[in-house]
Amino acid sequence: MIIGLTGESGAGKSTVAGLLDILGFYIVDCDAISRTLDTDNNYISDIQNAFGSDVICFCGSRKRVDRKRLGEKIFGKDAAENAVAKLNAISHPIIINKVKQEIDKAKVTGLSAVIDAPLLFESGLDELCDSTVAVIAPETVRIARLCERDNIDADFARKRFAAQKDDSFLREHCDHIIVNDADCDVLAERVRMVVEKLLKGNCK
């Protein structure tokens, strides 16, 4: 079984992925995969061509993508209208290929795979899934979490949200919804209930 896990930034998707990991699922972390691209020469070249040399920095003698500068190019006040689409066109094909490789590893282990992907639908990764799960939370909670985690202001956080599918889309298109608006124990119980449905074959 392949499960797609998504949710808006700050909703607690990574926390849910951690709980699923504890429960024995094979987690395919698309954010982690994305970070590995920062030192990939072909990716660096494509990003530089698309967004300029100022988004590239050096770590020692090695080139890498400066994620903060790239984020400003995509979500900052002077961001081009098509900036998100340009980034996705470069990164999504590479990420999808790496996700498929991880799914193959999961099959070897006999474990069900969870594709942890903030852009599950935008990337087309949902087409690989037997079931989809979204983690949602109130916007005020998500903004506070994101500002603290990434050291950004509320306006920048809202621009990130605008580039993602909102709660109404997720409720309509995902098979299961986990609302993360309480404490950790409540969240863990809600995750357990969804897993119970999945293991009983209720993928929808």
> Determine whether D116 and D31 satisfy the following criterion, side chain to side chain contact (heavy atoms under 4.5 Å, CB included), listing intermediate values before the conclusion.
CA-CA 8 Å; D116 176 1; D31 279 341; 5.7 Å; no

> Without swapping roles, check the side chain of K86 against the backbone of A50 for a donor-acceptor pair under 3.5 Å.
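Confirmed, K86 side chain pairs with A50 backbone.
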
> Any ion pair linking R158 and D155 (charged N to carboxylate O, less than 4.0 Å)?
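So D155 pairs with R158 through a salt bridge.
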
> Are F75 and I152 packed together at the side-chain level, in the sense that at least one heavy-atom pair is separated by less than 4.5 angstrom?
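No, too far: nothing below the 4.5 Å cut-off.
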
> Would the distance check show the side chain of T6 and the main-chain N or O of A117 forming a donor-acceptor pair, the cut-off being under 3.5 Å?
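Yes, T6 side chain to A117 backbone: donor-acceptor pair under 3.5 Å.
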
> Check whether any side-chain heavy atom of D38 sits under 4.5 Å from a side-chain heavy atom of Y43, and report yes or no.
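The answer is yes; the side chains approach within 4.5 Å.
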
> Quick one: closest heavy-atom pair of A134 and L170, and the distance?
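Scanning both residues, the minimum pair turns out to be CB-CB, 3.9 Å.
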
> Cation-pi check for Y26 against K105: NZ or CZ below 6.0 Å from the six-membered ring centre and within 45 degrees of the axis, yes or no?
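No, K105 does not lie over the aromatic ring of Y26.
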
> Determine, using the 4.5 Å side-chain heavy-atom cutoff (strictly less than), whether V191 and V179 are members of one ILVMFWY cluster.
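No; V179 is not reachable from V191 via cluster members.
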
> Given the rule that I, L, V, M, F, W and Y join up when any side-chain heavy atoms are under 4.5 Å apart, are F121 and I103 in one cluster?
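Yes, because F121 and I103 connect within a single hydrophobic cluster, where side-chain heavy atoms sit under 4.5 Å apart.
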
> Kindly indicate, with the supporting measurements, whether the criterion side chain to side chain contact (heavy atoms under 4.5 Å, CB included) is fulfilled by F156 and D150.
CA-CA 10 Å; F156 196 87; D150 294 353; over 6 Å; no

> What's the separation between atom SG in C57 and atom CZ in R67, rounded to the nearest 0.5 Å?
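One finds 11.5 Å between SG of C57 and CZ of R67.
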
> Taking a hydrophobic cluster as the set of Ile, Leu, Val, Met, Phe, Trp and Tyr residues connected by side-chain heavy atoms closer than 4.5 Å, whether directly or through intermediates, do M193 and V186 fall within one such cluster?
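Different clusters.
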
> Does some side-chain heavy atom of V28 sit less than 4.5 Å from a side-chain heavy atom of I33?
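The answer is yes; the side chains approach within 4.5 Å.
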
> For the atom pair CD1 (I74) and CZ (R160), what is the distance rounded to the nearest 0.5 Å?
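Atom-to-atom, I74:CD1 and R160:CZ are 10.0 Å apart.
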
> Within this structure, what is the SG-CG distance for the pair C30 and L119, rounded to the nearest 0.5 Å?
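That separation rounds to 9.0 Å.
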
> Taking the side chain from S112 and the backbone from I2, do they hold a donor-acceptor pair closer than 3.5 Å?
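Pair absent, no side-chain N/O of S112 close to backbone of I2.
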
> Are any of the side-chain heavy atoms of I178 and I136 separated by less than 4.5 Å?
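Not touching, per the 4.5 Å side-chain cut-off.
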
> Minimum heavy-atom separation for I3 to C129, with atom names?
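Smallest interatomic distance, heavy atoms only, reads C-SG, 4.1 Å.
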
> Under 4.5 Å between side-chain heavy atoms, hopping through other hydrophobics if needed: is there a path connecting L111 to L198?
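No, because L111 and L198 fall into different hydrophobic clusters, even though each may have its own neighbours under 4.5 Å.
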
> Starting at OG1 of T132, measure out to CG of L120 and round the result to the nearest 0.5 Å.
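Reported to 0.5 Å precision, the distance equals 7.0 Å.
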
> Check the pair N180, V141 against side chain to side chain contact (heavy atoms under 4.5 Å, CB included), reporting the backbone distance first and the verdict last.
CA-CA 9 Å; N180 183 17; V141 174; over 6 Å; no

> Quick one: pull up CZ in F51 and CG in D66 and give me the separation to the nearest 0.5 Å.
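F51 atom CZ to D66 atom CG measures 13.5 Å (nearest 0.5 Å).
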
> Please examine the side chains of V65 and L37, heavy atoms only from C-beta on, and report whether any two atoms are closer than 4.5 Å.
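Not in contact.
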
> Main chain of N42, side chain of S45: is a donor-acceptor contact present, judged purely on distance under 3.5 Å?
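Absent.
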
> Tell me the closest heavy-atom pair linking L19 and A188, and the distance in Å.
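The pair with the smallest heavy-atom distance is CD1-CA, 3.9 Å.
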
> With a 4.5 Å limit on heavy-atom distance, are the side chains of L125 and I96 in contact?
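The answer is yes, as the side chains (C-beta and beyond) meet within the 4.5 Å cut-off.
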
> Count the heavy atoms of every other residue, nucleotide or ligand shown that sit under 6.0 Å from CG of N151, and state whether that count exceeds 12.
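Not buried by this count: 12 neighbours or fewer within 6.0 Å.
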
> Would the distance check show the side chain of R142 and the main-chain N or O of A137 forming a donor-acceptor pair, the cut-off being under 3.5 Å?
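Yes; at least one donor-acceptor contact below 3.5 Å.
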
> Let's go through K197 and V194 carefully: what are the C-alpha distance in whole Å and the side-chain angles of both, what is the deciding distance for side chain to side chain contact (heavy atoms under 4.5 Å, CB included) to 0.1 Å, and is it a yes or a no?
CA-CA 5 Å; K197 290 178 182 178; V194 168; 5.6 Å; no

> How far apart are the closest heavy atoms of L5 and V135, and which atoms are they?
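Where L5 meets V135 most closely, the heavy atoms are CD1-CG2, 3.8 Å.
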
> Would you say that I95 contacts S34 through its side chain, given a criterion of any heavy-atom pair below 4.5 Å between the two side chains?
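Yes. Closest side-chain heavy atoms under 4.5 Å.
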
> Would you name the heavy atoms of A157 and L146 that are closest together and state the gap between them?
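Smallest interatomic distance, heavy atoms only, reads CB-CD2, 3.8 Å.
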
> Looking at CZ of F58 and NZ of K63, how far apart are the two atoms once the value is rounded to the nearest 0.5 Å?
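F58 CZ to K63 NZ: 5.5 Å, rounded to 0.5 Å.
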
> Between E189 and R192, does any NZ, NE, NH1 or NH2 come within less than 4.0 Å of an OD or OE carboxylate oxygen?
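Result for this pair is yes, salt bridge flagged.
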
> Salt bridge check: are R190 and D181 linked by an N-O gap of less than 4.0 Å?
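Salt bridge: yes.
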
> Where do P93 and I90 come nearest, in terms of heavy atoms and distance?
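Looking at all heavy atoms of both residues, the closest pair is CD-O, 3.8 Å.
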
> Mind running salt bridge (Lys or Arg N to Asp or Glu O under 4.0 Å) on R69 and D54 for me, showing each step along the way?
CA-CA 8 Å; R69 290 180 186 172; D54 56 326; over 6 Å; no

> Counting neighbours of NZ on K98 that are heavy atoms of other residues, nucleotides or ligands and sit closer than 6.0 Å, is the number greater than 12?
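Result for NZ/K98: open.
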
> Do L70 and L87 have side-chain heavy atoms sitting under 4.5 Å apart?
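Contact flag for L70/L87 side chains = yes.
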
> Are V84 and F169 joined in one hydrophobic group, where the rule is that I, L, V, M, F, W and Y side chains link up if heavy atoms are under 4.5 Å apart?
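Yes, one cluster joins them.
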
